Amino acid sequence: MMLIFQILAMFLAGIAAYFLWQGNTDGVFVAGVLGAVSYFISLRFQVKARIQQRETDSDGTEKSEI
């Protein structure tokens, strides 16, 4: 899922660059904001996956110690 949002963020950055080249500042703003949101959503999925991995690892070590 995070890869999809990263690809979407890069695609929107390309669209923002195109709009900048065309002089369409409204398009640059919209594409830039959507690209940034997409990038931060991908970061959220990465952090969530790391937290789940750490919880799984810590649960496994606690059970083996008992």
Side-chain angles (χ1 to χ4, degrees):
M1 192 67 159
M2 62 187 145
L3 182 62
I4 293 170
F5 283 109
Q6 287 175 346
I7 292 170
L8 182 62
M10 291 303 297
F11 179 71
L12 288 168
I15 290 174
Y18 173 75
F19 283 144
L20 183 63
W21 181 60
Q22 292 292 320
N24 184 354
T25 56
D26 291 338
V28 172
F29 178 76
V30 171
V33 167
L34 291 176
V37 168
S38 179
Y39 175 73
F40 284 118
I41 289 174
S42 75
L43 285 180
R44 180 189 176 275
F45 279 112
Q46 287 178 351
V47 170
K48 187 176 178 181
R50 287 182 188 170
I51 289 172
Q52 287 177 346
Q53 181 65 34
R54 287 183 184 168
E55 287 177 355
T56 304
D57 291 344
S58 66
D59 289 344
T61 58
E62 290 176 358
K63 290 179 183 176
S64 64
E65 292 175 1
I66 295 176

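Computed from a prediction, not measured in an experiment: that's the story for all the values here.
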- prompt: Can you tell if the side chain of Leu12 reaches within under 4.5 Å of the side chain of Ile15, non-hydrogen atoms only?
  reply: yes
- request: Any chance you could measure Ile41, atom CD1, to Gln46, atom CD, to the nearest 0.5 Å?
  value: 13.0 Å
Gap separating the CG atom of Leu43 from the CZ atom of Phe5, nearest 0.5 angstrom: 12.0 Å
- request: Compare every heavy atom of Leu20 with every heavy atom of Val28, then report the nearest pair and how far apart it is.
  value: CG2-N, 3.1 Å
task: Identify whether Val37 and Ile7 are in the same connected component of the hydrophobic contact network (ILVMFWY, side-chain heavy atoms under 4.5 Å).
output: no
field: Flag, side chain of Ser42 to backbone of Gln6, donor-acceptor distance under 3.5 Å
entry: no
task: Would you name the heavy atoms of Ala16 and Gly32 that are closest together and state the gap between them?
output: CB-N, 4.1 Å
task: Please round to the nearest 0.5 Å and tell me the distance separating atom CG of Leu34 and atom CZ of Phe11.
output: 11.5 Å
query: Distance from Phe19 atom CZ to Asp26 atom CG, nearest 0.5 Å?
result: 10.0 Å
- line: With sequence neighbours left out, the residues meeting ring pair (Phe, Tyr, Trp, His ring centres under 6.0 Å) with Phe40 are none
- request: Can you measure from CZ (Phe45) to CD1 (Ile4) and round to the nearest 0.5 angstrom?
  value: 9.0 Å
- request: List in chain and number order the residues that pass ring pair (Phe, Tyr, Trp, His ring centres under 6.0 Å) with Tyr39, two or more places apart in sequence or in another chain; answer none if no residue qualifies.
  value: none
message: Using the side-chain hydrogen bond (donor to acceptor under 3.5 Å, both in side chains) criterion, which residues pair with Gln52? Sequence neighbours excluded.
response: none
Closest approach of Ala9 to Ser38 (non-hydrogen atoms, all atoms of both residues): N-OG, 3.5 Å
